[in-house]
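Just so we're clear, the structure is a prediction, and the values are computed from it rather than from any experiment. Reminder, nothing fancy here: chain letters follow the sequence lines and each chain counts from 1.
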2 protein chains.
Amino acid sequence: MALRAKRAAKRRAALTRGRILRAAITLADRDGIESLSMRKLGTKLGVEAMSLYNHCRNKVDMLDGMVDIVFGEIDLPANGADWQTAMRKRAISARQVLLRHPWAIGLMESRATPGPATLRHHDSVLGSLRTAGFSVDMAAHAYSILDGYIYGFTLTELALPFSTSEGAPAVAEMAGTIMEGFRPGQYPHLAEMAVDRAMKPDYKYGDEFEYGLDLILDGIERAL
Amino acid sequence: MALRAKRAAKRRAALTRGRILRAAITLADRDGIESLSMRKLGTKLGVEAMSLYNHCRNKVDMLDGMVDIVFGEIDLPANGADWQTAMRKRAISARQVLLRHPWAIGLMESRATPGPATLRHHDSVLGSLRTAGFSVDMAAHAYSILDGYIYGFTLTELALPFSTSEGAPAVAEMAGTIMEGFRPGQYPHLAEMAVDRAMKPDYKYGDEFEYGLDLILDGIERAL
DNA sequence: GGTCCCGCACTTACACCGTAAACTTGAGGA
DNA sequence: TCCTCAAGTTTACGGTGTAAGTGCGGGACC
């Protein structure tokens, strides 16, 4: 009866696996994954750390859940479009999601058990390719190369010592200070690259992404 | 004078940044990076944890050093060969090194300060491309796409729930048990892929690597 | 309405972590 | 011989994940 009202009247909304995971993602986005602890997460939810263990088997299980939510944020390939535009949109969405949650890509390494959103995503991508006429082998090739590129590019991008959103001034400065420490001519090609590109005022490494993506999509089409 | 002999006569060989880093890499390779602690590393070297801080500013500095050593293990592109074979060999070497040190790829994400071996490697690759006639822009494109693919593919490969060396039986079994939990037809394309490929006795995901690599190399050549 | 049960949050405790700060020690140079 | 100083040790502190036990409050039954 007034069960709902009573629940709401309790000092805090009911703790839930979903609520925990969402709060954990928010915290990880803001402060980085290495600073995410059960105690801090509990505090944020107005609860003791140990209460979280009523909803997550352990921290690893929680991280699994977080990764699966992130995967769920990636756009699934649209059904109607041709495979190239479908894969292109999916790749761009995936990169955006991974940039939004920089910790997620580093976690993938150790996630052994894919969650439902992850599986649904994979199934949907494979379905899109098969519908477009890809053989099973060719779909596997295409998926492998595309996902490899998406993850790897974004990983590299995140490793760069500046936030992608602030952009050019930061990287120019950074490249400058890094190069200062060298003997002149020690890394000539690196220096050339820095002067010609990285230190230009409108340089954004992220712009490279679509160049490589299109090169790969062309290559796949030709291989069909 | 007999300084050398005296040093050697001390109960243990002198502690050195290099010796620490090599021991840390061995430990990380064996037990995983998350289990590498200063105390365990000290014990392995016959020394207290705090002694390590005489040679490494802190743990992050030590991890930086480890990553740089790993980078140094990757073959530099040979000078004489044409750029395609040079890049091909480098990519294959990089994948092998990263598989040997699975923790390294996850660490790259947060390394802000590249070490000397890392810089030398980048400079050498860029030099190889520029010598082959690539423009600065085209060299940047090629490097970005190749490295993205190498890291991403290897990351994906490491995320698979089986060691690449043991190969087919493990993944077949794994794919089987994962699929068991689903409603039939829930992930039809995933199931098709599993049956057609992953559960075949001689399936190795690693074989995909060179397919994608060659597709990318072809694409780059055509873009020249 | 009274009773019981049990889910869920809490408390306590433990082993481990990175590292700051103060100490000991032993060899090299003056 | 004494001083200096680099390099290893000891101690300590605040943090971590989580096992184990406690207690409360609402829902379900008699």
Side-chain angles (χ1 to χ4, degrees), chain A residues 1-21 23-25 27-28 30-67 103 106-107 110-112, chain B residues 1-24 27-28 30-67 103 106-107 110-112:
Chain A
M1 39 149 101
L3 175 149
R4 197 61 171 289
K6 281 184 187 176
R7 281 272 167 84
K10 291 178 74 168
R11 61 214 75 221
R12 264 111 193 166
L15 209 51
T16 285
R17 185 173 159 97
R19 232 162 68 79
I20 292 176
L21 295 181
I25 289 175
L27 232 46
R30 179 154 55 86
D31 303 331
I33 193 74
E34 72 285 347
S35 125
L36 175 67
S37 77
M38 300 305 265
R39 287 182 236 256
K40 282 186 205 162
L41 180 53
T43 302
K44 182 179 164 91
L45 289 164
V47 124
E48 295 301 313
M50 289 311 290
S51 303
L52 305 172
Y53 287 86
N54 287 312
H55 305 273
C56 303
R57 234 190 315 276
N58 49 41
K59 194 178 184 180
V60 169
D61 174 52
M62 193 181 79
L63 295 173
D64 280 341
M66 292 166 67
V67 169
W103 45 269
L107 249 63
S110 46
R111 290 320 84 189
Chain B
M1 41 149 109
L3 177 149
R4 199 60 171 291
K6 281 184 184 172
R7 281 273 167 82
K10 291 179 73 171
R11 62 216 73 220
R12 264 113 192 168
L15 209 50
T16 284
R17 183 164 216 267
R19 231 163 67 79
I20 292 176
L21 295 181
R22 280 193 303 276
L27 232 45
R30 179 153 55 85
D31 303 331
I33 193 73
E34 70 287 346
S35 124
L36 175 67
S37 77
M38 301 304 266
R39 287 181 234 257
K40 282 188 206 163
L41 180 54
T43 303
K44 179 177 167 95
L45 289 164
V47 122
E48 294 302 313
M50 288 310 290
S51 304
L52 306 172
Y53 287 87
N54 288 311
H55 306 272
C56 304
R57 232 190 317 275
N58 49 42
K59 193 177 184 181
V60 168
D61 174 52
M62 192 181 80
L63 295 174
D64 280 340
M66 292 167 66
V67 169
W103 45 269
L107 246 61
S110 46
R111 289 321 86 189

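The CZ atom of A:R17 sits 5.0 Å away from atom SG of A:C56, with the distance rounded to the nearest 0.5 Å. Between atom CG of residue A:L52 and atom CD1 of residue A:I20 there is a gap of 4.5 Å, rounded to the nearest 0.5 Å. To the nearest 0.5 Å, the span separating OG on A:S37 from CD1 on A:I33 amounts to 11.0 Å.
Rounded to an integer number of Å, the gap from CG of B:L45 to C1' of D:dA7 is 14 Å. Residue B:L41 contributes atom CG, which lies 13 Å from atom P of C:dT19 at whole-angstrom precision. When the P atom of C:dC23 is taken as reference, atom CD of B:E48 falls 18 Å away, rounded to whole Å. The separation between B:I20 atom CD1 and D:dG8 atom C1' is 11 Å, rounded to whole Å.
Not counting sequence neighbours, the partners of B:R22 by the side chain to side chain contact (heavy atoms under 4.5 Å, CB included) test are B:R19. The side chain to side chain contact (heavy atoms under 4.5 Å, CB included) test applied to A:R57 returns A:D61, not counting sequence neighbours. Every side chain to side chain contact (heavy atoms under 4.5 Å, CB included) that A:S35 has, sequence neighbours left out, goes to A:D31, A:K40. Not counting sequence neighbours, A:N54 has no partner by the side chain to side chain contact (heavy atoms under 4.5 Å, CB included) test.
For residues 49-62 of chain B, proximity to DNA chain C is found at B:M50, B:Y53, B:N58, B:K59, defined as any non-hydrogen atom under 4.0 angstrom from a strand atom. DNA chain D is contacted by A:L36, A:S37, A:M38, A:R39, A:K40 of residues 32-40 of chain A, taking any non-hydrogen atom closer than 4.0 Å.
Residues B:L36 and B:M62 are in side-chain contact: their nearest non-hydrogen atoms beyond the backbone lie under 4.5 Å apart.
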